[in-house]
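Accompanying notes for the structure given below.
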Amino acid sequence: MTGLRPVDAATALAYRRSLYRAGGISVRVGQRPVPDDPMLPAWWRRGDVVFVSAANPGGRRRPDGWNLRGMRALAACLAGCESHEGEGRLGHWAEPLFAVRLPLARGRVIARRFGQNAVLLVRDGRPARLVFLETPHPARWPGGNGLSLRSG
């Protein structure tokens, strides 16, 4: 049991409206990454970059200390991978995350291990795609524009 639950429309919309920042880029679902400084290397233009967190697993708010321990464990799990610390933000709400260069399949396994509902994928610098780990309930979520159930 992963503790994951199908994502409802409000949660899917929050993911879609959030701004994700890490490693010198800013990105939203359905849009291409925007570099904070165009002179920096475009590390995110090659291969898969997965934005993943260990905060608030299953979409349930956890105490800050709990989230900090989860993020430390996630950092240890990502050792040896190119990763960049960052955050996902919507208004006053923010969660820590990592942008990690690794295949989506591995990112999904890691996200599942840390109880996450979804990951954000940037593949070869193309527009970001939200990839759910559990199938969203079709009557309760908006489709299209960067939302994906596919694993690749």
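Hydrogens, waters and symmetry mates are skipped; everything else that's a heavy atom, side chains included, is used. A quick note: this is a predicted structure, and the numbers were derived from the prediction, not measured.
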Separation between CZ of Arg60 and CH2 of Trp66, rounded to the nearest 0.5 Å: 10.0 Å
Side-chain heavy atoms of Val119 within contact of Leu104, under 4.5 Å: yes
For Pro57 against Asn67, the heavy-atom pair lying closest together: CD-OD1, 4.4 Å
Closest approach of Val52 to Ala111 (non-hydrogen atoms, all atoms of both residues): CG2-CB, 3.8 Å
Salt bridge (Lys or Arg N to Asp or Glu O under 4.0 Å) partners of residues 42-52, not counting sequence neighbours, each pair once: Asp48-Arg123
4.5 Å side-chain heavy-atom contact, Tyr15 and Asn117: yes
Minimum heavy-atom distance between Pro33 and Gly125, given as atom pair plus value: CD-O, 3.6 Å
Test item: Asn56 and Trp93 side chains (from C-beta on) under 4.5 Å apart, heavy atoms: yes
Set of side-chain contact (heavy atoms from CB on, under 4.5 Å) partners for Glu87, sequence neighbours left out: Arg89, Ala94
Sub-4.5 Å side-chain heavy-atom contact between Ser18 and Arg28: no
Set of residues satisfying side-chain hydrogen bond (donor to acceptor under 3.5 Å, both in side chains) with respect to Asp124, sequence neighbours excluded: none
Residues 68-80, side-chain donor-acceptor partners within the protein, below 3.5 Å, at least two apart:
from, atom 1, to, atom 2, distance (Å)
Arg69, NH1, Gly65, O, 3.3

Closest non-hydrogen atom pair between Val27 and Ala128, with its separation: CG2-CB, 3.4 Å
Heavy-atom pair with the smallest gap, counting every atom of Val100 and Ser83: CG2-CB, 4.0 Å
Pair listing, side chain to side chain donor-acceptor pair (under 3.5 Å) test, anchored in residues 30-39, at least two apart: Arg21-Asp36, Ser26-Asp36
Side chain to side chain, Cys81 and Arg106, heavy atoms closer than 4.5 Å: yes
Flag, side chain of Gln116 to backbone of Arg108, donor-acceptor distance under 3.5 Å: no
Pairwise ring pair (Phe, Tyr, Trp, His ring centres under 6.0 Å) hits with a residue in residues 106-125, at least two apart: none
Sub-4.5 Å side-chain heavy-atom contact between Leu121 and Phe51: no
Least distance between heavy atoms, Ser53 atom then Pro96 atom: OG-O, 2.6 Å
Interatomic distance, Leu120 atom CG to Leu97 atom CG [nearest 0.5 angstrom]: 8.5 Å
Side chain to side chain, Glu85 and Phe98, heavy atoms closer than 4.5 Å: yes
All side-chain contact (heavy atoms from CB on, under 4.5 Å) counterparts of Trp43, not counting sequence neighbours: Ile25, Val49, Glu82, His84, Ala99, Arg101
CG-CZ distance between Leu133 and Arg113, expressed to the nearest 0.5 angstrom: 13.0 Å
All side-chain hydrogen bond (donor to acceptor under 3.5 Å, both in side chains) counterparts of Thr11, not counting sequence neighbours: Asp8
